[in-house]
Amino acid sequence: MFGIKTGFFGSMLSNLAKVNMSAVVDESNEKHMQPWSVMCRENDILNTPLSPYLDKELLKNNSTSVDGTKITEEFGFEYKYPQPTVEELRRIVEEAVSQSIFPPGFLV
């Protein structure tokens with residue numbers, strides 16, 4: 001969607017990352033904060049609630065992956081959007097662009 005190669009890791013790698021979560025978060029913040037700031041500055045976005053910043057404390061004692069099976073099987077919950085779609089994510093980003101809280105021109 002943005003021309004960025006991404007991937008998702010299973011529970012084994014997520015558990016491994018928890019061992020040194022501080023370093024993982026620091027690396028992620030170093031990689032994403034500076035380009036985000038440049039993108040916003042170049043598009044005159046001076047104030048936005050959106051940020052790639054990760055707070056170590058938010059991840060410290062929380063799960064990094066979720067299996068939604070229990071809520072659907074035991075409580076009959078049905079997801080409005082069972083799977084994220086490119087179309088829906090694109091719509092959300094375009095809405096943020098129209099609100100001037102996400103820099104335009106980065107959707108592929």
Side-chain angles (χ1 to χ4, degrees):
M1 199 165 103
F2 297 104
I4 300 170
K5 184 178 178 177
T6 62
F8 295 93
F9 303 105
S11 58
M12 186 171 128
L13 193 53
S14 291
N15 287 334
L16 200 59
K18 282 183 182 181
V19 172
N20 196 5
M21 186 61 77
S22 181
V24 171
V25 171
D26 286 343
E27 183 178 337
S28 177
N29 286 334
E30 286 176 22
K31 182 177 181 177
H32 296 102
M33 288 303 296
Q34 197 271 337
W36 175 251
S37 296
V38 170
M39 289 167 50
C40 288
R41 187 173 45 251
E42 288 176 352
N43 288 279
D44 297 321
I45 298 173
L46 305 176
N47 189 15
T48 176
L50 305 176
S51 172
Y53 179 78
L54 288 173
D55 187 326
K56 294 175 197 175
E57 294 301 315
L58 292 177
L59 297 175
K60 187 175 181 180
N61 294 315
N62 294 306
S63 180
T64 55
S65 61
V66 177
D67 176 359
T69 305
K70 185 173 183 175
I71 193 170
T72 57
E73 289 180 356
E74 291 187 23
F75 300 104
F77 179 83
E78 290 184 26
Y79 291 96
K80 183 174 181 180
Y81 301 101
Q83 298 291 326
T85 65
V86 172
E87 294 79 21
E88 185 60 18
L89 294 172
R90 184 177 298 279
R91 185 194 66 73
I92 293 167
V93 171
E94 288 171 351
E95 184 176 325
V97 169
S98 74
Q99 296 172 356
S100 297
I101 59 173
F102 191 94
F106 292 95
L107 288 175
V108 176

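The structure displayed is predicted, hence computed values, not measured ones.
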Problem - Nearest-0.5 Å distance, NZ of residue Lys56 to CG of residue Leu58 - result: 12.5 Å
Practice task
Report yes if the side chains of His32 and Ser51 come closer than 4.5 Å at any heavy-atom pair, otherwise no.
Solution key: no
Exercise for the section: May I ask you to decide if Met33's main-chain N or O and Ser37's side chain share a donor-acceptor pair within less than 3.5 Å? Expected result: yes
Handout entry: ring-ring contact (aromatic ring centres under 6.0 Å, His included) involving Phe75 - partner list, sequence neighbours excluded
Key = none
Fill in the blank from the handout: Contacts of Glu95 meeting salt bridge (charged side-chain N to carboxylate O under 4.0 Å, His left out) (sequence neighbours excluded), chain-then-number -> Arg91
Handout entry: Side-chain heavy atoms of Ile71 within contact of Tyr79, under 4.5 Å
Key = yes
Handout entry: Cluster overlap Leu107 with Val86, hydrophobic side-chain contacts below 4.5 Å
Key = yes
Fill in the blank from the handout: On a heavy-atom basis, the closest approach of Leu50 and Ile101 is CD1-O, 3.4 Å
Handout entry: Test item: Phe106 and Val97 side chains (from C-beta on) under 4.5 Å apart, heavy atoms
Key = no
Practice task
Might you confirm whether atom CG of Asn47 has over 12 heavy atoms from other residues, nucleotides or ligands at distances under 6.0 Å?
Solution key: no
Exercise for the section: Flag yes if more than 12 heavy atoms outside Glu27 fall under 6.0 Å of its CD atom; otherwise flag no. Expected result: no
Problem - Any donor-acceptor N/O pair, Asn43 side chain to Ile45 backbone, under 3.5 Å - result: no
Handout entry: Pairing residues for Glu42 by the side-chain contact (heavy atoms from CB on, under 4.5 Å) criterion, not counting sequence neighbours
Key = Val38
Exercise for the section: For the residue pair Gln99 and Thr48, establish whether any side-chain heavy-atom pair is separated by less than 4.5 Å. Expected result: no
